[in-house]
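Remarks on the structure that follows.
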Amino acid sequence: MGDVYGRVLAYVERHGMFSPGDAIVVAVSGGADSVALLHVMGRLAKRMGLRLHAGHLNHLLRADQAEEDARFVADLARSLGIPCTVGREDVAARAASSGTGLEEAGREARYAFLGRLAGDVGARRIALGHTRDDQAETVLMRIIRGAGIEGLAGIPPVRGSIVRPLLRVGHAELEEYCRQQGLTWRVDPYNFDPGYLRNRVRHHLLPCLEEVAGAGVRERLAELAEALRPDVEWLRGVEEQTLADVSSRRGEGVLIDLGRLPALPPALRRRVLRRAILTVKRPGRQVGLAHVQAVLDLLGGRAVPEDEGGLAGERSTGHRPAAEEVHLPGGVVARLTPDGLALEPAPGEAGRLKRDEGATVGYRYRLPVPGLVEVPEAGLLIHAAVVRDPVQAIGHLARRALLDYNKTGAQLLVRSWRPGDRFFPLGMESPKKLHDFFVDEKVPRVQRQRIPLVLSGDEIIWVVGYRIDHRYRVTPATREVLVLEACDLEEEERGA
């Protein structure tokens, strides 16, 4: 128990979470985990020369108790000599207006608040208090929901500007750490509400597993997630490139060449099909193994070479499948056509999305630097950070953009496409209409409004997932690099 600080320090150094002199926003709810996080971060700050700023969002859900939580966090931060900002948002109203649940609306509000705060105080990182228990619960929840290897990789220790220093420490250890340090904490009654799957996993399923398999279950689940994460990062790049090789755009969706799909290894076939679904579906429900299997069942023997057998759900039967289409999450239909497998918006979806393409419909968000912003219309979370060495930002470049920070500045905006938009695609010395760029890239009209654009002032600097602006590229004269990263909202932890 007494080694909590040393283990957190080792984990932080292993993942390169902080650099000397960094400003860090520390998210503090008032629970034992976040209280311990703030205290440990205070010790790390003295060792590493960090500048801390605590952040707490009052969701206005529990009246007097929520106000007491906010006062508790402010008093705690003051006692530790750490500045604190308390934000307030009516999460119930946010949930009602967006049509989401309270848990989802609260998560969106917290990320938005923390992102704004990071930008306001110039913080490069936002530290969250997820623990080894949260990691174990997340892995189990994803198994229950039908996750593949990506889901089993759990919560990432570093995702853009977000860091999680406590992922290798258990909740009970952090409570004991608080007791040893003379710290108290608040208890959130929502953590015991059986209406949430996470609480049922936490209070019922995990204890049952520990009775059967011993107390090391949480540790082993967390180790599984950590072991799989590097594999997942590499595989994501492989599957996106392979999908591009075996498919083409078809109207508002994707057409997969069934003459090339069978040549892929079975595991890659599944990943390519999942990625194809993700490129077409609207934000919302996650895509699980059962949905990919439904597509494979639709294909029958068309998905595998004639001489391959022994793969459940993929063996050739020699008969045409009974179904000709299958409906998938996010308003996607998979349909067999004479040209191949078409993944398209389901009837009604295309018309709805086309109506959204009018000039008066769209979205617009401020992207703090450093910081992050949610773009629910695109199903993405966009992070911004500044580094001095572009090598620090190596990754899958379709999801990352490296730009000259001295040219972009810190006043960034994320918005949807508008008629008349222009930019200088990387490698071009003259401007091009974004409409023409989308046509050249074979981006279906129905998807164009979903693609976020990052702007500096009035100029587009990144068409997310496609191309940066040539004028803002990194050159030998670049002193600081702006790193922008987009990741799927469904890949982020939704219970935090």
Side-chain angles (χ1 to χ4, degrees), residues 25 87 89 94 97-98 108-124 126 159-162 283 356-387 393 397-426 431-435 437-438 443 447-474 478 480-489 492:
V25 166
E89 179 163 349
R94 184 187 185 109
S97 63
S98 64
E108 292 175 357
R110 283 194 299 278
Y111 273 120
F113 164 72
L114 293 169
R116 291 193 301 269
L117 180 58
D120 291 342
V121 303
R124 189 172 79 91
I126 299 169
R159 172 75 82 183
S161 57
I162 295 290
D356 286 349
E357 286 195 354
T360 59
V361 179
Y363 53 84
R364 178 185 176 94
Y365 303 101
R366 184 170 73 89
L367 173 57
V369 180
L372 74 166
V373 67
E374 284 199 356
V375 188
E377 294 87 350
L380 294 174
L381 188 70
I382 300 179
H383 300 261
V386 178
V387 301
L397 294 183
R399 290 298 188 97
R400 289 189 183 184
L402 309 185
L403 303 127
D404 190 322
Y405 181 57
N406 299 104
K407 294 179 181 178
T408 67
Q411 302 301 313
L412 302 185
L413 181 73
V414 179
R415 67 163 171 82
S416 52
W417 169 74
R418 296 173 181 171
D421 277 340
R422 298 169 179 264
F423 82 123
F424 290 67
L426 183 64
K432 185 169 190 173
K433 287 185 178 181
L434 192 55
H435 173 271
F437 175 79
F438 283 148
V443 180
Q447 293 185 1
R448 295 171 191 172
Q449 192 75 3
R450 301 181 185 178
I451 297 171
L453 310 175
V454 181
L455 286 81
S456 173
D458 295 327
E459 296 182 339
I460 297 170
I461 62 175
W462 186 30
V463 180
V464 176
Y466 287 88
R467 202 79 57 84
I468 66 170
D469 188 288
H470 185 78
R471 298 166 296 174
Y472 295 88
R473 71 193 186 282
V474 173
T478 299
E480 292 183 301
V481 179
L482 172 66
V483 183
L484 302 177
E485 180 180 8
C487 56
D488 295 335
L489 280 175
E492 289 293 315

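Between Ile461 and Leu412, the closest side-chain pair of non-hydrogen atoms falls below 4.5 Å. Looking only at side-chain heavy atoms (C-beta outward), Phe438 and Val463 come within less than 4.5 Å of each other. For the pair Arg124 and Val386, the minimum side-chain heavy-atom distance is 4.5 Å or more. Contact of the Glu89 side chain with the Phe113 side chain is not registered, since no non-hydrogen atoms from C-beta on lie closer than 4.5 Å. No side-chain heavy atom of Ile451 sits less than 4.5 Å from a side-chain heavy atom of Trp417. Here the side chains of Arg471 and Lys407 are not in contact, with every heavy-atom distance at 4.5 Å or above.
The structure places CG of Leu380 at 11.0 Å from CD of Glu485, a figure rounded to the nearest 0.5 Å. From Thr478, atom OG1 reaches atom CG of Leu403 across 9.5 Å, with rounding to the nearest 0.5 Å.
Arg366 is linked by a salt bridge (charged side-chain N to carboxylate O under 4.0 Å, His left out) to Asp120, counting only residues two or more places apart in sequence or in another chain.
Remark: side-chain polar atoms of Tyr405 are not paired, donor with acceptor, to backbone N or O of Val483 under 3.5 angstrom. Within the 3.5 Å criterion, the main-chain N or O of Phe424 finds a donor-acceptor partner in the side chain of Asp469. Under the 3.5 Å distance criterion, the side-chain polar atoms of Ser161 are left unmatched by any main-chain donor or acceptor of Ile126.
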Can you list the steps and then say if Leu484 with Leu367 is a side chain to side chain contact (heavy atoms under 4.5 Å, CB included)?
CA-CA 10 Å; Leu484 302 177; Leu367 173 57; 4.0 Å; yes
Would Arg448 and Asp421 count as a salt bridge (charged side-chain N to carboxylate O under 4.0 Å, His left out) if you check the C-alpha gap in whole Å, the side-chain angles of each, and the deciding distance to 0.1 Å?
CA-CA 12 Å; Arg448 295 171 191 172; Asp421 277 340; over 6 Å; no
Decide side chain to side chain contact (heavy atoms under 4.5 Å, CB included) for Leu434 and Leu453; before the verdict, give the C-alpha distance in whole Å, the side-chain angles of both, and the deciding distance to 0.1 Å.
CA-CA 10 Å; Leu434 192 55; Leu453 310 175; 3.6 Å; yes
